[in-house]
Structure formats: structure tokens, C-alpha cells
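Reviewing the structure listed below.
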Amino acid sequence: MEEILAKILGTDGYRVARTALPLKLLAVRSGLGWYGRNNICYVPGMGSFHQLVACYSDLPCQGDDWREAQMMESCKNCHACIHHCPTGAITSDRFLLRAERCIVFHNERSGDIPFPAWIDPSWHNCPEGCLHCQRVCPQDRDFLQWIEGKEEFSQEETALLLEGVPADQLPGATVKKLERLDLIEDLDILPRNLSVFFKK
Ligand code: SF4
Ligand code: SF4
């Protein structure tokens with residue numbers, strides 16, 4: 001993204017650089033999206049199935065849509081994500097997610113931190129992240145078909161990932177698959193995260 005923007009703006013002499021800011025908050029406050037009750041950012045025409053990137057530039061900005069953070073209108077009469085979140089991370093008495101109850105918080109932590117005992121193994125549904133609240137969200141209904149099975153791992157490859165074999169000792173084809181899935185930087189968490197699927 002940064003390269004594309006640099007090409008477009010660079011022709012007029014402007015500079016652009018990627019920045020690490022709280023992306024959901026930035027998107028919601030700048031008018032690009034809205035928060036869902038599940039604290040995920042929803043963008044019109046994409047639901048919650050997008051990847052946010054932030055860049056800054058010295059291009060003069062004509063418009064200013066900066067606003068208070070807002071929740072989607074459709075959340076006011078909907079509680080689907082509350083009912084389907086297995087951990088109780090989403091509650092109706094407060095807007096902020098109980099992050100310490102969210103599966104994502106636990107399966108993206110350093111791989112040497114075990115899952116707490118209160119997380120039932122059957123609640124896990126992704127090698128990284130969690131899709132329970134997005135799968136049931138009416139605002140995501142039209143975009144669920146975007147979820148695709150991109151890669152398949154053989155039994156041998158899965159065994160290597162469960163063992164935590166480092167990238168430089170994995171077969172090249174396995175590394176390519178992990179790169180396409182954007183998981184190559186997360187090899188340390190895969191042994192813990194994958195092992196739960198074999199304990200169910
Ligand atoms: S499931 Fe309902 S309440 Fe939850 S984010 Fe989607 S629209 Fe909002
Ligand atoms: S990502 Fe999973 S655990 Fe977190 S709030 Fe959504 S359903 Fe609950």
C-alpha cells in the first residue's frame with residue numbers, strides 16, 4: 001500500500017510513509033468506518049473483512065471528517081455477537097470489549113504462554129484470531145463468501161508446525177504457504193494454537 005501511494009503521490013513531489021497508529025480507532029474517527037459492538041471496525045462495502053493500513057503524507061488535506069468514535073446504527077437493535085461469543089467478551093452493559101476474555105488476545109500472545117484453563121478447546125476456530133462474532137454478524141452476511149480455503153497442509157507439514165520447527169528448517173513449499181497466509185512471522189504461536197484442534 002505504501003509503495004502504491006508513494007508512486008501516485010510521488011509524481012507530484014509529495015512524500016508518504018506508513019505509520020503504526022491504532023488503526024481501528026483511526027478508521028472510525030476519520031470517517032472511514034464504524035465500530036461494531038464486538039469492537040471490530042466495519043467499513044461500508046466490506047463489513048469487517050478488510051485490512052487497515054495507515055500512511056501519512058505532506059499532501060495538503062482539503063477535507064476534515066474527524067469525528068467522535070461511533071458504533072454502527074445496526075448494533076443498537078442487535079445482540080447476535082453477544083449471544084455467539086463463547087467467552088463472554090462482549091457485554092451489553094459497556095461498549096469496551098473485555099479484551100482479557102477475547103480468544104484473539106490469548107491466541108496472539110507469545111507462544112510460551114499457555115491458554116487459560118477456562119477456555120474450552122471447542123471454542124477455538126482459527127489458527128490465529130477468532131471468527132465467531134463476525135460469522136453471525138448481519139453486517140458481514142454479504143461478505144462471508146470472501147472467506148476461502150487458501151492453503152492445505154499435509155500431515156507431515158502439520159507435524160513440523162506443531163513441533164515449532166523454525167522457518168529456515170521448513171520445506172520451501174511450506175514456507176511459501178505460510179507466507180501467503182501471512183503466518184510466517186507467527187511460527188512461535190502455531191504449536192500452541194494448532195494443538196488445541198487435536199485435543200477436541
Ligand atoms: S452482530 Fe449485531 S451487534 Fe454485533 S457487531 Fe454485528 S451488527 Fe453489531
Ligand atoms: S473475536 Fe471471538 S472471543 Fe473475541 S469477541 Fe469475537 S467471538 Fe468473542
Side-chain angles (χ1 to χ4, degrees), residues 20-54 65 67-151 181-183 185-200:
L21 289 169
L23 296 175
K24 284 190 294 182
L25 182 62
L26 191 61
V28 171
R29 293 213 58 174
S30 63
L32 178 69
W34 282 261
Y35 275 121
R37 197 183 284 283
N38 52 8
N39 287 199
I40 293 175
C41 174
Y42 285 76
V43 173
M46 296 181 184
S48 62
F49 293 99
H50 52 74
Q51 189 162 12
L52 296 170
V53 175
D65 294 323
R67 62 185 192 188
E68 288 302 312
Q70 294 176 27
M71 190 163 75
M72 285 188 291
E73 199 56 31
S74 54
C75 294
K76 289 186 181 153
N77 296 313
C78 175
H79 293 84
C81 54
I82 294 183
H83 295 319
H84 286 83
C85 171
T87 67
I90 312 168
T91 55
S92 51
D93 59 336
R94 63 182 238 188
F95 170 69
L96 267 186
L97 193 77
R98 293 176 65 197
E100 76 287 356
R101 298 286 303 178
C102 182
I103 291 172
V104 181
F105 171 74
H106 292 285
N107 70 19
E108 291 188 353
R109 293 173 102 188
S110 171
D112 56 0
I113 304 174
F115 288 127
W118 56 262
I119 296 186
D120 188 303
S122 68
W123 295 345
H124 294 285
N125 56 106
C126 294
E128 189 180 3
C130 169
L131 281 172
H132 284 302
C133 55
Q134 294 173 80
R135 281 187 192 278
V136 298
C137 176
Q139 294 303 312
D140 273 331
R141 196 173 291 144
D142 293 341
F143 312 110
L144 288 177
Q145 74 275 10
W146 290 1
I147 301 174
E148 53 182 26
K150 272 170 95 174
E151 303 293 348
L181 293 171
D182 215 9
L183 284 174
E185 302 295 332
D186 302 324
L187 287 180
D188 67 309
I189 64 173
L190 289 182
R192 174 196 59 205
N193 292 6
L194 292 178
S195 63
V196 293
F197 295 107
F198 299 94
K199 285 181 190 156
K200 284 184 186 178

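As the structure lists them, so they are numbered: ligands from 1, and atoms in each ligand from 1. These values consider heavy atoms only, across backbone and side chains, with no hydrogens, waters or symmetry-generated copies.
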shortest atom 5 (S) of ligand 1-to-protein heavy-atom contact is with R37 N, 3.4 Å
Atoms of ligand 1, numbered as shown, that sit under 4.0 Å from any heavy atom of C75:
3 (S), 5 (S), 7 (S), 8 (Fe)
Any cation-pi pair here, R101 with W123, using under 6.0 Å and within 45°?
no
Before we go on, tell me: are the rings of W118 and H106 under 6.0 Å apart, centre to centre?
yes
Closest protein heavy atom to atom 2 (Fe) of ligand 1, given as residue, atom name and distance to 0.1 Å:
C78 SG, 2.2 Å
Any chance CG of D93 has more than 12 other-residue heavy atoms, nucleotides or ligands included, within less than 6.0 Å?
yes
Is the distance from atom 8 (Fe) of ligand 1 to the nearest N/O/S atom of C81 under 2.8 Å?
no
Over 12 non-hydrogen atoms of neighbours within 6.0 angstrom of CE in M71
yes
Do H124 and N107 get their side chains close enough for a donor-acceptor pair, meaning under 3.5 Å?
no
Cation over ring, R37 on F95, under 6.0 Å and within 45°?
no
Using 2.8 Å as the cut-off, note every protein N, O or S atom close to atom 2 (Fe) of ligand 2.
C130 SG
Could you tell me which atoms of ligand 2, counted from 1 in the order shown, lie closer than 4.0 angstrom to a heavy atom of L97?
5 (S)
May I have the step-by-step check of side-chain contact (heavy atoms from CB on, under 4.5 Å) for R29 and Q70, ending in yes or no?
CA-CA 8 Å; R29 293 213 58 174; Q70 294 176 27; over 6 Å; no
Just wondering, are more than 12 heavy atoms of other shown residues or ligands nearer than 6.0 Å to CD in E185?
no
Check I90 against ligand 2 and report side chain, backbone, both or neither, counting heavy atoms closer than 4.0 Å.
side chain
Is a side-chain donor or acceptor of H132 paired with a backbone partner of C81 at a separation under 3.5 angstrom?
no
Note the single closest protein heavy atom to atom 6 (Fe) of ligand 1, along with its residue, its atom name and the distance in Å.
C137 SG, 2.3 Å
